[in-house]
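Scope of the values below: all heavy atoms of this structure, side chains included, with no hydrogens, waters or symmetry mates.
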Amino acid sequence: LYQQGQYIPAQSFGPNQASVCAFARRHENQWAITAVPRLTTRLAPMGRWPLGEKAWIDTSIEIPSDAPDLWQNVLTGETVSAHIGEHGHKMLALSGILRSFPCALLSATSS
């Protein structure tokens with residue numbers, strides 16, 4: 001997937017949009033999304049990870065319209081569902097993606 005897959009940058013939106021780097025990879029029917037925070041001292045007090053709603057407020061990443069709706073973070077086992085944003089684009093909320101661990105590797109899931 002990472003060797004042969006298409007690289008798709010994921011644009012972020014919301015109050016902390018400058019504090020995340022994210023992209024998707026797609027190869028045939030396989031999908032993955034990577035999300036990593038940056039400039040984290042703006043998001044959480046010293047010594048704390050920027051996690052959940054308190055850090056990410058209403059910040060989301062846009063994913064392609066043909067991307068799956070349900071994702072699992074392979075690092076934590078948590079799942080997150082896509083939603084339709086205010087401009088009609090498919091989005092993933094960073095408060096869900098980065099709920100309990102400061103980076104995410106999401107894999108599309110069918111259940």
Side-chain angles (χ1 to χ4, degrees):
L1 177 61
Y2 277 82
Q3 241 179 358
Q4 299 175 357
Q6 176 188 9
Y7 169 81
I8 305 164
Q11 187 173 355
S12 56
F13 295 90
N16 293 325
Q17 66 187 30
S19 293
V20 65
C21 177
F23 63 91
R25 287 291 214 172
R26 173 177 48 194
H27 181 65
E28 297 174 358
N29 291 330
Q30 295 179 316
W31 285 84
I33 293 175
T34 302
V36 180
R38 60 188 288 273
L39 309 171
T40 58
T41 56
R42 296 191 218 173
L43 303 176
M46 184 178 265
R48 303 199 111 185
W49 294 109
L51 301 175
E53 185 63 34
K54 191 171 184 179
W56 294 103
I57 313 169
D58 292 323
T59 306
S60 297
I61 58 170
E62 181 181 345
I63 60 174
S65 61
D66 61 337
D69 290 332
L70 190 60
W71 298 84
Q72 181 175 37
N73 187 335
V74 299
L75 303 174
T76 66
E78 297 168 323
T79 58
V80 63
S81 296
H83 66 278
I84 302 301
E86 62 183 64
H87 299 291
H89 299 279
K90 191 179 277 192
M91 310 293 281
L92 289 171
L94 284 166
S95 61
I97 295 172
L98 303 174
R99 182 180 315 138
S100 63
F101 196 69
C103 62
L105 174 58
L106 304 177
S107 176
T109 183
S110 59
S111 54

Visitor: On a heavy-atom basis, which atom in P68 and which in A82 lie closest, and how many Å separate them?
Guide: O-CB, 4.5 Å
Visitor: Measuring from atom NE2 of H89 to atom OG of S60, what distance do you get when rounded to the nearest 0.5 angstrom?
Guide: 12.5 Å
Visitor: Quick one: side chain to side chain contact (heavy atoms under 4.5 Å, CB included) partners of R42, sequence neighbours excluded?
Guide: L39
Visitor: For Y7 and F23, take the angle between the two ring planes, folded into 0 to 90°, and tell me which bin it lands in: parallel under 30, tilted 30 to 60, perpendicular over 60.
Guide: tilted
Visitor: Roughly how far, to the nearest 0.5 Å, is OG1 of T76 from CZ of F101?
Guide: 8.5 Å
Visitor: Is the backbone N or O of S107 less than 3.5 Å from a side-chain atom of Q72, with the two atoms forming a donor-acceptor pair by type?
Guide: no
Visitor: Just how far is it from atom NZ of K90 to atom CG of D66, taken to the nearest 0.5 Å?
Guide: 7.5 Å
Visitor: Within the side chain of N16, is there an N or O that forms a donor-acceptor pair under 3.5 Å with the backbone of A55?
Guide: yes
Visitor: Could you list who else is in W71's hydrophobic cluster, with ILVMFWY side chains joined at under 4.5 Å, directly or through other members?
Guide: I8, V20, W31, I33, L43, W56, I61, I63, V80, L92, L94, I97, L98, L106
Visitor: How far apart are the closest heavy atoms of L70 and S81, and which atoms are they?
Guide: CD1-OG, 3.4 Å
Visitor: Of all heavy-atom pairs between P37 and P102, which one has the smallest distance, and what is that distance?
Guide: CD-O, 2.7 Å
Visitor: Is there side-chain contact between P15 and T59, with heavy atoms separated by less than 4.5 Å?
Guide: yes
Visitor: Rounded to the nearest 0.5 Å, what's the gap from SG on C103 to CG on N73? Could you check?
Guide: 7.5 Å
Visitor: Quick one: pull up OG in S95 and NZ in K54 and give me the separation to the nearest 0.5 Å.
Guide: 14.5 Å
Visitor: Please find the pair of heavy atoms, one from G5 and one from R25, that lie closest to each other, and give the distance.
Guide: O-NH1, 2.9 Å
Visitor: Taking atom CD of Q11 and atom CD of Q17, what is their separation to the nearest 0.5 Å?
Guide: 7.5 Å
